[in-house]
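Along the sequence shown, residues are numbered consecutively beginning with 1.
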Amino acid sequence: MATVLLLSGDAERGELDVHGRPFAAQIYADLLGKAIAGGFKDAAILAAYGKAKAFTSTGMELATDMVRCIGGHDAVLDICDLHTFKPADCGALQ
C-alpha cells in the first residue's frame, strides 16, 4: 500500500491518460487530507519522493507513515472505494 501512495504523489503528471489524471489526483488529495488530519506532517517531502520516483527506504517510511495516519490499509481502500464505487451501477439508485 505504501508503494502505491508513493507513486500516487505524481498523479497529475504521471503516465495516466488526460482523463485519468484528475481522477487520480482527487483520490490522492483525499488520501492526503485524511493523512494530514491523522497527524501526517511530511506531505511535501513524500510528494518530492514520488515525483522523483525515489523508492528509497526514507520514501517508503514516509509512505508507510501516511498509511498509518490515514488509519491503515483498510481506511486507504475505503477512500479509494468511495471514488470508484457507483451505487447506480448496482441498481441501488432508481
Side-chain angles (χ1 to χ4, degrees):
M1 187 64 58
T3 303
V4 171
L5 289 179
L6 184 58
L7 282 170
S8 301
D10 194 30
E12 293 182 67
R13 290 169 296 285
E15 298 176 8
L16 297 172
D17 67 29
V18 69
H19 302 291
R21 287 182 194 138
F23 185 67
Q26 183 59 54
I27 293 172
Y28 186 76
D30 288 354
L31 290 167
L32 187 57
K34 180 78 170 178
I36 290 169
F40 186 65
K41 302 201 183 323
D42 297 311
I45 298 169
L46 181 60
Y49 275 91
K51 288 175 188 167
K53 295 183 176 40
F55 297 104
T56 65
S57 60
T58 302
M60 291 304 295
E61 287 173 20
L62 290 170
T64 300
D65 189 39
M66 183 176 173
V67 171
R68 182 189 59 75
C69 289
I70 290 169
H73 295 100
D74 289 338
V76 170
L77 294 174
D78 286 345
I79 291 170
C80 292
D81 282 347
L82 290 174
H83 284 279
T84 59
F85 177 74
K86 296 181 179 105
D89 291 344
C90 299
L93 298 176
Q94 306 271 335

For the [atom1] atom of [X] and the [atom2] atom of [Y], what is their distance to the nearest 0.5 Å?
| X | Y | atom1 | atom2 | value |
| --- | --- | --- | --- | --- |
| Ile70 | Phe40 | CD1 | CZ | 8.5 Å |
| Asp42 | Ile36 | CG | CD1 | 10.0 Å |
| Tyr28 | Met66 | OH | CE | 4.5 Å |
| Leu62 | Thr56 | CG | OG1 | 8.0 Å |
| Leu31 | Gln26 | CG | CD | 10.0 Å |

Return the minimal non-hydrogen interatomic distance between Cys69 and Ala35, and the atom names on each side. CB-O, 3.4 Å
So which heavy atom on Leu46 is nearest to which on Ala63, and how close?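 Closest approach of Leu46 to Ala63: CD1-N, 3.8 Å.
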